[in-house]
Every structure is written in C-alpha cells, then in structure tokens.
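For clarity, every value in this text was computed on a predicted model and none was experimentally measured.
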2 protein chains.
Amino acid sequence: MASILPRPGQPVRGSKSGKPIMALFDLLGRTWALGAIWQLSRGAMTFRELQAACEGVSPTVLNRRLKELTASGLVERAERGYRLSDAGRDLFGLLHPLGGWSETWAARMAEQDAGQPRPGGQGETA
Amino acid sequence: MASILPRPGQPVRGSKSGKPIMALFDLLGRTWALGAIWQLSRGAMTFRELQAACEGVSPTVLNRRLKELTASGLVERAERGYRLSDAGRDLFGLLHPLGGWSETWAARMAEQDAGQPRPGGQGETA
DNA sequence: ATTGACGCTACCGATTTGGTAGCGCATGGA
DNA sequence: TCCATGCGCTACCAAATCGGTAGCGTCAAT
C-alpha cells in the first residue's frame, strides 16, 4: 500500500511536522473521511450500507478510509459492519456543529449569488 | 481549471447530493484547506508567509486552496496578503476545539503504541 | 446447489498533489 | 536609471490519489 496512515507524531501527507492537529487534518482531509464519520454517527452500518449512505462511493475509497479511520482509533468493527469508537463519537461531538454552520453558510452563499450572479463562474455546471 | 469549486447546493467532488455539509466537507477535505484556515486564524499573512507557515506547501496547491476558500467566502484579501473573513473566523471558532482534541488523540495513540507496538505496522516509518 | 449479501481486492483511467523554476509587477535604494 | 527584493501567481511535470467496474472468497438461507 502506497498511502501512509496519518498518525500524530509522525510526518504525514502534506505535513512533516508531526503536529497532532496536522496529522488530524491529513486524516480528515481525504475524500469521504469526514463523510463516513458523519454517516456512522447515526449508528453501526455494514460496509455496503455505509457505501450507499455515502452516495455510492466506490468500495476502493471507502475501504481505504475505513482502514485509516480504524487504524486511527476513530472507527471500529461491530458485529455487523462498522461503527464509531468512543474516540470517534467524541470527535463527532466536535464536528456536529458544522452541520448547522454549513446550512447558514449555504444560505449566505445563495444570497450572495442572488445579488451577484458570479459572472466568471467556475465550473458550476460542470 | 479542472477542479470545481465546492458550493452548497451544487454537486461537488465526491458528493452529488449538494447537501451543504457535504459541500463543506469537500471544500475542507483538500490538502492544506484546514491547515490554511488554521494558520490564518492567527491573523493576516502574505502569500509567502502563509506558505512558510504551512511548512513550505507548494505555491500551486496553496494558490488553489486560497482561490477556493476565497470564492467560498471563508478567506478574503487584506491590504497585505490574506486573512479570514467573518465567516471564516466563525468557522474557525467551531474548528478550534479540534486542536485540544488532537492532543488527547495523540496521547491516546502513543499510549496504545506503547502497549502494543503494532506488529503489522503500516508505513509508520515510510 | 443456487441465491444473495457480506467485506474486500485488482485493475486502470481521470484527477489531484506537490515540487521547481520563473514570470510580471511594485517598492526602495544607490 | 539600474538593481535588488518581495509580492502574488503560473507553467510544467512526476507522483500519488481518486473513483469506477468487475469480480473474488466466504457465509447463511433456501
């Protein structure tokens, strides 16, 4: 496996300092890492249930994320599939407010778009 | 430019639903997006100062992130360089606790490694 | 024995990353 | 004026990651 498992105290992708916050950002800064945690916060799910909940993310990527999150102690195996560990639930507690914030953000962006239709729009319809 | 700008209400990389939280996760789930916000929370910085603060991230990536974060209203230009917008500071307020959490996480991981040196260790020294 | 669901892997094209070099511009001396 | 410095930023390219399809081996139930 080419990818490294981000761990605090170790150099990680994009950061050589090994600062915990940077290791965390590296871990979470991969596709569907945050999304998987978000979905798993609702309870244990099988691999394929989680895959469906994540809008059909490819098993390749999902499995990579699950391995990383498991190795990082945020996710663990359940009798049936996967679930957040204590640490994972703990982290989700901090992430949870982002849900509400993102709604506000969305409203603010929509408002801004209404006022100024972004003439040089970038790939919005791509 | 091939990359799309994640915006709530629009399909984004990895998510077709357009749910605000998924757009946010896409925006933040790119290398140095969270890191840049983290560094900028300390105040306005020039491009090159920020680059240095982010451990010498390549200007290519930094500029991409800055464009995305600016278009998303989280970052804005300052007289000298860049700074967090009100929304960006707002978001940082929610992200801030991750700093402390990551320290706890790091300690927990170190402890676990001490107890069990991870026989099948994965790329820890890579 | 067949069907179905499970977790997961191989394979591979498309996209993103991350690094070096250097551009055009502005400021500030000498 | 010429030169040096710092600014934001881009071109170019190799390496890594993403993301999609197909399908494996296992297990339980029919």
Side-chain angles (χ1 to χ4, degrees), chain A residues 1-6 11-17 22-23 25-36 39-40 44-71 75-83 120 122-123 126, chain B residues 1-6 11-17 22-23 25-36 39-40 44-71 75-83 120 122-123 126:
Chain A
M1 187 196 311
S3 73
I4 62 179
L5 282 173
V12 292
R13 182 187 69 152
S15 171
K16 299 160 205 68
S17 72
M22 290 303 161
F25 283 170
D26 180 35
L27 177 65
L28 300 181
R30 304 183 176 189
T31 53
W32 284 109
L34 285 165
Q39 295 298 336
L40 281 176
M45 294 190 201
T46 68
F47 185 93
R48 297 191 184 193
E49 279 169 354
L50 182 55
Q51 185 183 9
C54 293
E55 303 175 40
V57 57
S58 77
T60 316
V61 172
L62 183 56
N63 188 40
R64 276 199 282 252
R65 288 304 91 80
L66 249 13
K67 271 183 187 166
E68 292 158 6
L69 293 172
T70 301
V75 165
E76 60 191 13
R77 302 301 298 258
E79 296 77 47
R80 187 163 162 284
Y82 294 87
R83 71 179 159 213
Q122 307 218 29
Chain B
M1 189 193 305
S3 74
I4 63 178
L5 280 173
V12 293
R13 183 186 68 153
S15 170
K16 298 160 204 72
S17 72
M22 289 304 162
F25 284 170
D26 180 35
L27 177 64
L28 300 182
R30 301 182 178 189
T31 52
W32 283 110
L34 285 164
Q39 294 299 333
L40 280 176
M45 294 190 200
T46 69
F47 186 93
R48 296 193 184 193
E49 279 169 354
L50 182 54
Q51 186 183 9
C54 293
E55 303 174 39
V57 56
S58 78
T60 315
V61 173
L62 182 56
N63 188 40
R64 278 200 280 253
R65 288 304 92 80
L66 249 13
K67 271 183 187 166
E68 293 160 4
L69 293 173
T70 301
V75 165
E76 60 191 12
R77 302 301 297 258
E79 296 77 46
R80 189 162 160 287
Y82 294 86
R83 70 177 160 216
Q122 307 221 31

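For the pair B:Trp32 CH2 and C:dG18 C1', the computed distance is 12 Å after rounding to whole Å. The CG atom of B:Leu62 sits 12 Å away from the P atom of D:dT10 (whole-angstrom rounding). Atom CD in B:Gln51 sits roughly 12 Å away from atom C1' in D:dC7 (whole-Å rounding). The nearest whole Å value for the distance from the CG atom in B:Asp26 to the C1' atom in C:dT16 is 12 Å. What separates CD of B:Glu68 from C1' of C:dT16 is a distance of 10 Å, to the nearest Å. Taking atom CD of A:Glu55 as the reference point, atom P of D:dC18 lies 17 Å away to the nearest angstrom. A:Leu66 has its CG atom 14 Å from the P atom of D:dC18, to the nearest Å.
Atom CG of A:Leu69 is separated from atom CG of A:Leu28 by 7.5 Å, given to the nearest 0.5 angstrom. Atom-to-atom distance recorded for B:Glu79:CD and B:Thr46:OG1 is 13.5 Å, nearest 0.5 angstrom.
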Atom pairs, protein N/O to nucleotides 3-7 of chain C N/O, distance under 3.5 Å:
from  : atom 1 : to      : atom 2 : distance (Å)
C:dC6 : N4     : A:Arg48 : NH2    : 3.1
C:dG7 : OP1    : A:Phe47 : N      : 2.5
C:dG7 : OP2    : A:Phe47 : N      : 2.9
C:dG7 : OP2    : A:Arg48 : N      : 3.0
C:dG7 : N7     : A:Arg48 : NE     : 3.3
C:dG7 : N7     : A:Arg48 : NH2    : 2.9
C:dG7 : O6     : A:Arg48 : NH2    : 2.5

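For B:Thr60, whose side chain is taken as the heavy atoms from C-beta onward, the closest listed nucleotide among C:dG19, C:dT17, D:dG20 is C:dG19.
With sequence neighbours left out, A:Arg77 forms a side-chain hydrogen bond (donor to acceptor under 3.5 Å, both in side chains) with A:Tyr82. Remark: A:Leu50 engages A:Gln39, A:Leu40, A:Met45, A:Cys54, A:Leu62, A:Leu66 in a side-chain contact (heavy atoms from CB on, under 4.5 Å) (not counting sequence neighbours).
Distances shown here put a side-chain N or O of A:Arg65 below 4.0 Å from the OP1 or OP2 atom of D:dC18. A:Ser58 has no side-chain polar atom (N or O) that falls below the 4.0 Å cut-off from OP1 or OP2 of D:dC18. Between A:Arg64 and D:dC18 there is a side-chain N or O to OP1 or OP2 distance below 4.0 Å.
Taking the side chain as every heavy atom from C-beta outward, A:Arg30 and A:Val61 never approach each other to under 4.5 Å. You'll find the side chain of B:Trp32 reaches within 4.5 Å of the side chain of B:Glu55, heavy atoms only.
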Please test A:Thr31 against A:Arg65 for side chain to side chain contact (heavy atoms under 4.5 Å, CB included), starting from the C-alpha separation and ending with a verdict.
CA-CA 8 Å; A:Thr31 53; A:Arg65 288 304 91 80; 3.3 Å; yes

